[in-house]
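Reading through the structure tokens given below for one structure.
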Amino acid sequence: MASKHIFFFAILFFSAVTVFAEENPSLVMDYYKDTCPQAEEIIKEQVKLLYKRHKNTAFSWLRNIFHDCFVESCDASLLLDSTRRMLSEKETDRSFGMRNFRYIETIKEAVERECPGVVSCADILVLSGRDGIVALGGPHIPLKTGRRDGRKSRADILEQHLPDHNESMSVVLERFANIGINTPGVVALLGSHSVGRTHCVKLVHRLYPEVDPQLNPEHVPHMLKKCPDPIPDPKAVQYVRNDRGTPMVLDNNYYRNILDNKGLMLVDHQLAMDKRTKPYVKKMAKSQNYFFKEFARAITILSENNPLTGTKGEIRKQCNLSNKLH
């Protein structure tokens, strides 16, 4: 009798596990191989085409992964426009300087022409980021797919998750640890600052009313030239290149710069000085292969942060609107 009861409960347990797995499937490699086999190739070709026309798109796609996936779920909530009842994540202070969202829509339209209603904006966001990394000279990172799109913005909780450039290193490390990224992963992801540029709004507190003495004095005249106003206009084209040597290449030159006190933002300086992160900064400054290995691992973890799968969420028809508003 006891054995029959055990068998019965075992059947119930495995049935429950099966139902849970069906309702909460995991991300997989090549998720669209049967439903839209050309999806990843279309995204890759669109990224190449758009990057050829607009070089700064690759920076945007890389930043999209960070800003979307870090905030509770990798579900393209970042892309949603504001409505009367909901503020867009794109319009928050932490998203200052983000742009080129319209090109995500361009990629979505190309995929929709091939496979209407199949490929999520969340997967397009992640895969365009992956291919943008390659366009910048970074590593190709195999990433899983199968995400679905969220229906709401997370602007109201964004600052609880996304670290700011002026946060202490303890806060930065804690925020990353909350989603499973360890210290070398943090150091590697901040290596994204090797490409693109930083608006003067983010820098002037290190230049005015007095120059931060921790800045390399040889680098200060260039920063002052690019940021001549103590209170810069946020809409003005006033930027400093993150890396003057290889500004369009994702490489380990960033780490040599910050060890030489040429980091633009406070978080860059802290990364090179903090005893918890400095050993990894030195190691990545010496080895691009090590930087790429840790960068790829961290991007993978970030891209798999709490995705919506199965029947959760939706497949948006248009990336900036949930389907009920379309």
Side-chain angles (χ1 to χ4, degrees), residues 51 55-67 70 97-98 129-130 132-141 162-167 169 172-173 175-176 181-200 202-203 206-207 212 214-220 222-223 226-227 239-302:
Y51 179 68
K55 295 295 185 185
N56 61 16
T57 52
F59 314 143
S60 300
W61 292 322
L62 174 54
R63 195 176 175 191
N64 285 345
I65 294 183
F66 178 67
H67 279 255
F70 214 102
M98 296 191 72
R130 178 194 69 182
I133 289 167
V134 173
L136 292 167
H140 173 75
I141 308 170
L162 200 63
D164 190 40
H165 64 98
N166 285 326
E167 304 272 21
M169 189 51 59
V172 172
L173 292 174
R175 296 281 177 89
F176 278 93
I181 296 176
N182 62 11
T183 301
V186 175
V187 176
L189 282 180
L190 286 174
S192 300
H193 291 175
S194 75
V195 293
R197 56 191 186 175
T198 299
H199 197 283
C200 292
K202 303 280 190 179
L203 307 177
R206 301 195 74 193
L207 298 173
D212 184 341
Q214 296 173 319
L215 282 169
N216 186 318
E218 294 180 1
H219 200 49
V220 170
H222 175 73
M223 294 175 68
K226 293 293 184 178
C227 301
Y239 295 91
V240 180
R241 289 283 187 188
N242 290 341
D243 177 358
R244 294 173 66 190
T246 55
M248 302 296 290
V249 181
L250 181 67
D251 59 17
N252 65 338
N253 202 41
Y254 164 76
Y255 301 103
R256 292 190 283 270
N257 283 339
I258 63 175
L259 287 170
D260 196 25
N261 292 320
K262 293 179 181 177
L264 298 182
M265 292 184 286
L266 189 59
V267 70
D268 301 320
H269 175 74
Q270 291 185 105
L271 198 69
M273 296 295 110
D274 192 283
K275 63 182 181 181
R276 293 164 292 184
T277 53
K278 189 172 184 177
Y280 300 108
V281 171
K282 287 183 172 181
K283 192 171 181 180
M284 290 181 196
K286 292 179 181 177
S287 173
Q288 179 139 296
N289 286 338
Y290 177 65
F291 163 45
F292 279 177
K293 183 187 79 170
E294 292 296 331
F295 183 80
R297 186 176 60 82
I299 286 287
T300 300
I301 294 171
L302 184 59

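For clarity, every value in this text was computed on a predicted model and none was experimentally measured. One-based numbering along the sequence shown.
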- Task: Compare every heavy atom of M248 with every heavy atom of V195, then report the nearest pair and how far apart it is.
- Result: CG1-C, 4.1 Å
- Task: Sequence neighbours left out, what passes side-chain contact (heavy atoms from CB on, under 4.5 Å) with V172? Give chain and number order.
- Result: P163, E167, M169, F176, V186, V267
- Search all heavy atoms of H165 against all heavy atoms of L266 and return the closest pair with its distance. O-CB, 3.9 Å
- Under the salt bridge (charged side-chain N to carboxylate O under 4.0 Å, His left out) rule, collect the residues that match up with R256, sequence neighbours excluded. none
- Does a side-chain heavy-atom distance below 4.5 Å link M223 with L264? yes
- Message: List the residues meeting side chain to side chain donor-acceptor pair (under 3.5 Å) with R197, not counting sequence neighbours, and say none if there are none.
- Response: none
- Closest non-hydrogen atoms of C227 and L203, given as atom of the first, atom of the second and distance, are SG-CD1, 4.1 Å
- Message: So which atom in G132 and which in A58 form the shortest heavy-atom distance, rounded to 0.1 Å?
- Response: O-CB, 3.8 Å
Scan the side chains in residues 284-292 for donor-acceptor partners under 3.5 Å anywhere in the protein, sequence neighbours excluded, and list what turns up.
{"residue": "S287", "atom": "OG", "partner": "Y290", "partner atom": "N", "Å": "3.0"}
{"residue": "Q288", "atom": "OE1", "partner": "N252", "partner atom": "N", "Å": "2.9"}

- Please list, chain by chain and in numerical order, all residues satisfying side-chain contact (heavy atoms from CB on, under 4.5 Å) with I301, sequence neighbours excluded. I181, R297
- Who passes side chain to side chain donor-acceptor pair (under 3.5 Å) against N242, sequence neighbours left out? T198
- Query: Do L215 and L207 come within less than 4.5 Å of each other through their side chains, counting heavy atoms only?
  - Reply: yes
- Task: With sequence neighbours left out, write down each residue that passes ring pair (Phe, Tyr, Trp, His ring centres under 6.0 Å) with Y239, or none if nothing qualifies.
- Result: H199
- Residue pairs passing the salt bridge (Lys or Arg N to Asp or Glu O under 4.0 Å) test with at least one member in residues 257-274, sequence neighbours excluded, are D260-K262, D274-R276
- Query: What pairs with T183 under side chain to side chain donor-acceptor pair (under 3.5 Å), at least two apart in sequence or on another chain?
  - Reply: none
- Message: For D251, give me all partners under side chain to side chain donor-acceptor pair (under 3.5 Å), at least two apart in sequence or on another chain.
- Response: T246
- Note on the structure: Taken in chain and number order and not counting sequence neighbours, the residues that satisfy side-chain contact (heavy atoms from CB on, under 4.5 Å) with K278 are L259, K282
- Item | Residue list, side-chain contact (heavy atoms from CB on, under 4.5 Å) with S192, at least two apart or on another chain | L62, F295
- Task: Work out which heavy atom in L162 is nearest to a heavy atom in F70; give both atom names and the distance.
- Result: CD1-CB, 3.7 Å
- Query: Which atoms form the tightest heavy-atom contact between G185 and E294, and what is the distance?
  - Reply: N-OE1, 4.2 Å
- Close side-chain approach of H269 and R206, heavy atoms under 4.5 Å: yes
- Query: Is there a side-chain contact between Y280 and N182 (heavy atoms, below 4.5 Å)?
  - Reply: no
